[in-house]
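These notes are about the structure you will find just below.
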Amino acid sequence: MAKTLATLTLAFFSSLALAQSPRAADLVHPQLLADTTAIQPGRLFHLAILLHISPHWHVYWKNPGDSGQAVSSTFSLPTGFTSSPLQFPVPTKFLQPGDLIAYGYENEVLLLTTITPPANLPATDPITLQANLKFLVCDQTCLPGHASLSLTLPISADSTPANPDLFKEWLPQFPTPPATIADIHTTSSPISIDITW
């Protein structure tokens, strides 16, 4: 009886510890957004991945530095649609233990691709665009995460801007030309490079 009770107690506290451990999905909340209310044949538009990141945690730039893994996304688009490489705003520089340097984002970041619809796009049912996202989110430890996002837009000869305030805020933060080290803002963060897979 005592052995059974001890086993049950151990199982309870083990499950409690696991329940309290953070998951990447709890720390990074992504959204897929567009800067238009409708797709127009042949007309470029922006598709954005907006990441809301929990306080004290961060994700990585396309060049993560001495440690880390860049956020990446593959886009599933209808036939005839193309997307540009994923674009990143100017990152923050993180000073890590061991004099290691990493580059990334805290709190919130918007990543951008340009979508080109075919010029001969027929007027059909609404189009669904999909993004398969992968990221590494770190604080004292690092957790790999992924998400499948989708956005459905109608096809129309007329459209209006969507999410204008958000794009107005973020577009000036994208480097042209690409960022150099001199452009990077510096902060400090007590981050371990141990990665828990």
Side-chain angles (χ1 to χ4, degrees), residues 14 17-33 35 46-77 82-115 129-150 163 166-197:
S14 296
L18 288 172
Q20 291 175 342
S21 299
R23 299 179 308 137
D26 299 325
L27 301 169
V28 178
H29 301 280
Q31 293 177 272
L32 190 62
L33 305 166
D35 66 353
H46 287 134
L47 192 63
I49 297 172
L50 179 65
L51 303 178
H52 299 281
I53 307 160
S54 292
H56 312 299
W57 292 81
H58 70 270
V59 298
Y60 290 93
W61 187 39
K62 60 182 178 179
N63 176 7
D66 294 331
S67 66
Q69 179 180 325
V71 178
S72 65
S73 181
T74 56
F75 294 93
S76 299
L77 306 173
T82 61
S83 62
S84 70
L86 196 64
Q87 300 172 56
F88 293 74
V90 174
T92 294
K93 178 180 178 181
F94 298 102
L95 304 177
Q96 302 186 125
D99 295 327
L100 298 178
I101 295 174
Y103 303 99
Y105 310 96
E106 293 179 309
N107 301 316
E108 185 177 85
V109 64
L110 184 136
L111 309 175
L112 200 64
T113 185
T114 301
I115 303 295
L129 310 168
Q130 295 179 311
N132 298 305
L133 180 70
K134 291 183 179 181
F135 59 89
L136 188 69
V137 59
C138 297
D139 182 18
Q140 301 299 323
T141 60
C142 293
L143 302 169
H146 61 88
S148 296
L149 311 173
S150 65
N163 306 296
L166 182 70
F167 283 93
K168 183 178 179 181
E169 174 189 355
W170 279 101
L171 285 178
Q173 300 183 49
F174 286 82
T176 307
T180 64
I181 298 303
D183 298 321
I184 308 301
H185 307 293
T186 302
T187 186
S188 60
S189 182
I191 299 164
S192 167
I193 61 170
D194 295 333
I195 297 177
T196 304
W197 293 101

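- For Ser73, there are no side-chain hydrogen bond (donor to acceptor under 3.5 Å, both in side chains) partners at least two apart in sequence or on another chain.
- Across all non-hydrogen atoms, the minimal contact from Gln69 to Pro64 is N-CB, 4.0 Å.
- Ile53 is not listed as a side-chain neighbour of His58, based on a closest heavy-atom distance of 4.5 Å or more.
- With contacts defined as side-chain heavy-atom distances shorter than 4.5 Å, the pair Leu86/Lys62 does not qualify.
- Note that the CG atom of Leu111 and the CH2 atom of Trp170 stand 8.5 Å from one another [nearest 0.5 Å].
- Of all non-hydrogen atoms in Pro89 and Trp61, the two that sit nearest each other are O-NE1, 3.7 Å.
- A pairwise comparison of heavy atoms in Ala24 and Leu143 identifies N-CD1, 4.0 Å as the closest pair.
- Ring-plane geometry between His46 and Phe167 is classed as parallel, the angle between the planes falling under 30 degrees on a 0 to 90 degree scale with a further cut at 60.
- For the pair Leu171 and Leu112, the minimum side-chain heavy-atom distance is below 4.5 Å.
- Considering every non-hydrogen atom in both Val59 and Phe135, the closest pair reads CG1-CD1, 4.4 Å.
- Using modelled atom types, no side-chain atom of His146 and backbone atom of Lys134 make a donor-acceptor pair closer than 3.5 Å.
- With hydrogens and angles ignored, the 3.5 Å screen pairs a side-chain donor or acceptor of Thr113 with a backbone N or O of Ser84.
- In this structure, the side chain of Asn163 does not engage the main chain of Asp35 through any donor-acceptor pair within 3.5 Å.
- Between Phe75 and Ile49 the shortest side-chain heavy-atom distance falls below 4.5 Å.
- With a 4.5 Å cut-off on side-chain heavy atoms, Glu108 and Leu50 count as touching.
- Counting heavy atoms from C-beta on, the side chains of Leu47 and Ser83 never come closer than 4.5 Å.
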* What's the verdict on side-chain contact (heavy atoms from CB on, under 4.5 Å) for Val71 and Phe88, showing C-alpha distance, side-chain angles and the deciding distance? -> CA-CA 9 Å; Val71 178; Phe88 293 74; 4.3 Å; yes
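- Atom OH in Tyr105 sits 13.0 Å away from atom OH in Tyr60 (nearest 0.5 Å).
- Shown here for Ala102 and Ser67, the closest heavy-atom pair between the two residues is CB-O, 3.9 Å.
- The nearest pair of heavy atoms linking Leu133 to Pro30 is CD2-CB, 3.8 Å.
- When the options Val28, Asp26, Asp139 are evaluated for a side-chain contact (heavy atoms from CB on, under 4.5 Å) with Trp57, the one that passes is Asp139.
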